[in-house]
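First comes the structure, then the notes that go with it.
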Amino acid sequence: MMSEETTTRTLIEPEIVEIETDLLIIGGGMAACGAAYEASRWCSDIRITLVDKAAMERSGAVAQGLSAINTYLGENSPVDYVKMVQNDLMGIVREDLIYDVGRHVDGTVQLFEDWGLPIWKQHGDEGKTLKEGGRPVRSGKWQIMINGESYKPIVAEATKKALGMENIFERVFIVKLLLDEKEPNRIAGAVGFSLREHKVYIFRCNALILACGGAVHIFKPRSIGEGMGRAWYPVWNAGSTYAMGIQAGAEMTLMENRFVPSRFKDGYGPVGAWFLLFKAKACNSYGEDYMVRNAEELKKYEPYGSAAVTATCLRNHLMMLEMREGRGPVYMETPAAMKALFDSVNNDKKKVRELEAEAWEDFLDMTISQAGLWAGLNIAPEERHSEIVLTEPYLMGSHAGCCGMWVSGPADIAPPEYQWGYNRLTTVQGLFTAGDGVGASGHKFSSGSHTEGRIAGKSAVRFVKEHADFSPAVGKPAQEYADEIYKPIRTFEEHAGYSVTPEVNPNYILPKMLLLRLNKIMDEYVGGTSTWFTTNDNMLTDALEYLTLLKEDSVHLAAPDLHELMRCWENYHRIWAAEGHLRHILFRKETRYPGYYYRADYPQLDEENWKVFVNSRYDPETGEWNFFTKPCVQLIK
Ligand code: SFD
Ligand code: AMP
């Protein structure tokens, strides 16, 4: 143990900065950028402020870029888009919200092109924009190819220009939302801290758009040790959207849903371009296509099993059978696909080189580590196949997953039970969300999330104008918020030096330790990779007890610096998002998403009793969770 003198430190007192605004946007990703861009178009007389925990140029899921835009309708109709999403998410979706994204998304993609995003065009249409009728190169029915390494800087730049840098706070992490003191269930602001300076921010606002992306590292990842930072979705999306929404009392929907992507093993490279553009097949280690071999299995999951495109979770289910029954590993058969493509260009040397470059570029544009791994393993995709695997689960509302908040739908389409005034308003007055935040409407991807942000932005501006007499009243004195946020710094200051090794100290928990404990609970009891995504009532009940203890212990989190302070709050958010997920799985007594998770005690799909939304509300006054179902209204037959 070290002596007393060495532990004496000067306590850090953060400066408190208080900011009044009309519309506060939390997040700087695709949805938030869309919200800020659109909101500024509809008003010059209201104050709009955006707060991002990172630098917007490279923040959020699109940080590394993307190689495709997965939602572009083009020749398809919004009705077909709704049908596709409905089937992919096993029938329970909000068709009004999906239709709304579908009818506006192409305009958003055309804006991206105007701002400088290079979109691949079919032979003969090179140089023609989409607006001018240029035909994009489609990888699939809904997806188009882009040169997307700089996708995020391009989208962020347009937002910065629209909003002005003076209204953007970068590297400020929002810890929690503030409810109004006078009006119940009414948003009034948010508090957070700077990651660069000792400053705590208190924002007061009239309306707020919460768009902090999805949740990663809730479950133990497949990558371990020094590779643990590698995941498919970005590790810096820590469930803040769900946690802060739940804590504020917003009604949540389908939080039991998750997304388990099949990905190139260890590098987490996406598979879409390989399946759709390069037309590759994925086979078990005996060379059998698992979709063909296990086709009969799909009959158990009608009406979804017989759809023209098999739902993502069911594709996973068929792949998992191979692993469970011992016929793994599963490989993406890249050499056969490349050979067919080379043959299609008559093995023309220049064209062959271009195709090889495209294969690498798919990863270099969005998952650079996968290209690194190929190089490290001496894999040339035209010569050697690559293993694919089902990753750990992610919580998200924008890809082939649909957990999130329950929001009001568009006035012209939403049935009365799905509508309470403002499009994308949550059940908390003044609180809006978009992108990963909106539940029951997946398959938005980057373009749809930006589109939905634009929808929410326009709607929130109208809300502000129609509630101009509101003046936010936040409860506690500013210093109390500052003390609460800086508690982990204080804990470290108080106890550092008690032990020689800072990682081993009985007086506190470092964020990584807490993360590992959360990951272990979720993995082993709530259907992570260790149990092949299988859980049951007893496992879930035990997990809830362990999670409750973990939440209690989180008061002992300690942060040696501002970066670790962010890690503390991120992990606190993860616990809340995890709890929502767990409680929802416990409530739904069926296996709605085979391939995403299995309730071993209710292994069937139960269309008769469970084709409903499972919704929940945490009451911030009492601390109680309340669960109920809502009908699933089918608008399109
Ligand atoms: O290949 C706080 N996505 C794909 N979309 C496509 O269109 N095409 C693809 O090719 C896609 N693929 C893909 C995708 C994502 C990733 C990581 C890979 C590959 C490797 C999905 C889209 O990217 C995704 O749907 C959207 O980005 C979702 O938008 P949004 O806005 O809901 O989330 P965000 O962009 O991650 O932004 C979150 C923001 O919040 C900030 N933030 N700020 C303040 N305080 C806090 N507490 C905060 N917490 C988070 C973040 O910094 C960020 O700015 S493929 O796999 O299919
Ligand atoms: P991914 O790379 O898995 O994120 O997928 C990118 C896009 O391709 C998404 O729109 C997926 O729904 C779609 N996709 C991926 N694999 C398949 C497949 N085998 N069949 C149909 N669509 C797919």
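Computed from a predicted model, the values in this text were never measured in an experiment. Whatever order the structure lists ligands and atoms in, that order sets their numbers, starting from 1.
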**Prompt:** Should Met291 be listed as contacting ligand 2, given a heavy-atom distance under 4.0 Å as the test?
**Reply:** no
**Message:** Check contact between Trp274 and ligand 2, using heavy atoms of the residue and a distance below 4.0 angstrom.
**Reply:** no
Got the closest protein heavy atom to [atom], with its distance?
atom	result
atom 6 (C) of ligand 2	Asn70 ND2, 3.5 Å
atom 23 (C) of ligand 2	Arg315 NH2, 3.5 Å
atom 22 (N) of ligand 2	Leu276 CD2, 3.6 Å
atom 3 (O) of ligand 2	Arg263 NH1, 2.9 Å

**Message:** If you apply the rule ring-ring contact (aromatic ring centres under 6.0 Å, His included), what do you find for Trp232 with Tyr394, and how did you get there?
**Reply:** CA-CA 9 Å; Trp232 164 69; Tyr394 302 90; 5.6 Å; yes
**Item:** By side chain to side chain contact (heavy atoms under 4.5 Å, CB included) - contacts of Leu298 (at least two apart)
**Value:**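 So Leu298 forms a side chain to side chain contact (heavy atoms under 4.5 Å, CB included) with Thr310, Leu314, Leu318.
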**Item:** Arg574 with Glu579: basic N within carboxylate O range, under 4.0 Å
**Value:**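 No, no charged N to carboxylate O under 4.0 Å.
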**Message:** Between Asp100 and Arg424 (salt bridge meaning N to carboxylate O under 4.0 Å), is one present in this structure?
**Reply:**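 Yes.
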If the cut-off is 4.0 Å to any non-hydrogen atom of [X], which atoms of ligand 2 fall inside it?
X	result
Pro270	2 (O)
Val309	21 (C)
Gly272	1 (P), 2 (O), 3 (O), 5 (O), 6 (C), 8 (O), 15 (C)
His399	4 (O)
His443	12 (O)

**Request:** Would you please indicate yes or no on a ring centroid separation below 6.0 angstrom for Tyr201 and Phe169?
**Result:** yes
**Message:** I'd like the residue list for ligand 1, meaning every protein residue with a non-hydrogen atom under 4.0 Å from the ligand.
**Reply:** Ile26, Gly27, Gly28, Gly29, Met30, Ala31, Val51, Asp52, Lys53, Ser59, Gly60, Ala61, Val62, Leu66, Ala68, Ile69, Asn70, Val172, Phe173, Ile174, Ala211, Cys212, Gly213, Trp232, Tyr233, Pro234, Asn237, Ser240, Arg263, Pro270, Met366, Thr367, Ser398, His399, Gly435, Asp436, Phe445, Ser446, Ser449
**Ring geometry between His450 and Tyr37 (parallel below 30°, tilted from 30 to 60°, perpendicular above 60°)** =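 If you compare the ring of Tyr37 with that of His450, the planes turn out tilted.
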**Asked** For the residue pair Phe112 and Trp115, does the interplanar ring angle fall in the parallel (under 30°), tilted (30 to 60°) or perpendicular (over 60°) class?
**Response** tilted
Hydrogens and angles aside, do [X] and [Y] bring a side-chain donor and acceptor to less than 3.5 Å of each other?
X	Y	answer
Asp362	Gln370	no
Ser369	Arg230	yes
Thr49	Asn167	no
Ser446	Tyr151	yes

Below 4.0 Å, non-hydrogen atoms only: which portion of [X] touches ligand 2? Side chain, backbone, both or neither.
X	value
Val271	both
Asp88	neither
Thr312	neither
Phe445	side chain

**Message:** The criterion is side-chain hydrogen bond (donor to acceptor under 3.5 Å, both in side chains); which residues satisfy it with Glu570, sequence neighbours excluded?
**Reply:** Lys53, Arg567
**Of the listed options Gln143, Lys281, Met319, closest to atom 9 (C) of ligand 2 (non-hydrogen atoms)** = Gln143
**Message:** Quick one, Tyr99 with Tyr81, criterion ring-ring contact (aromatic ring centres under 6.0 Å, His included). Give me CA distance, side-chain angles, the key distance, then yes/no.
**Reply:** CA-CA 7 Å; Tyr99 187 91; Tyr81 172 61; 9.2 Å; no
I'd like a table of donor-acceptor pairs (distance under 3.5 Å, sequence neighbours excluded) in which one partner is a side-chain atom from residues 273-282, with atom names and distances.
unit_1, atom_1, unit_2, atom_2, d
Lys279, NZ, Leu276, O, 2.7

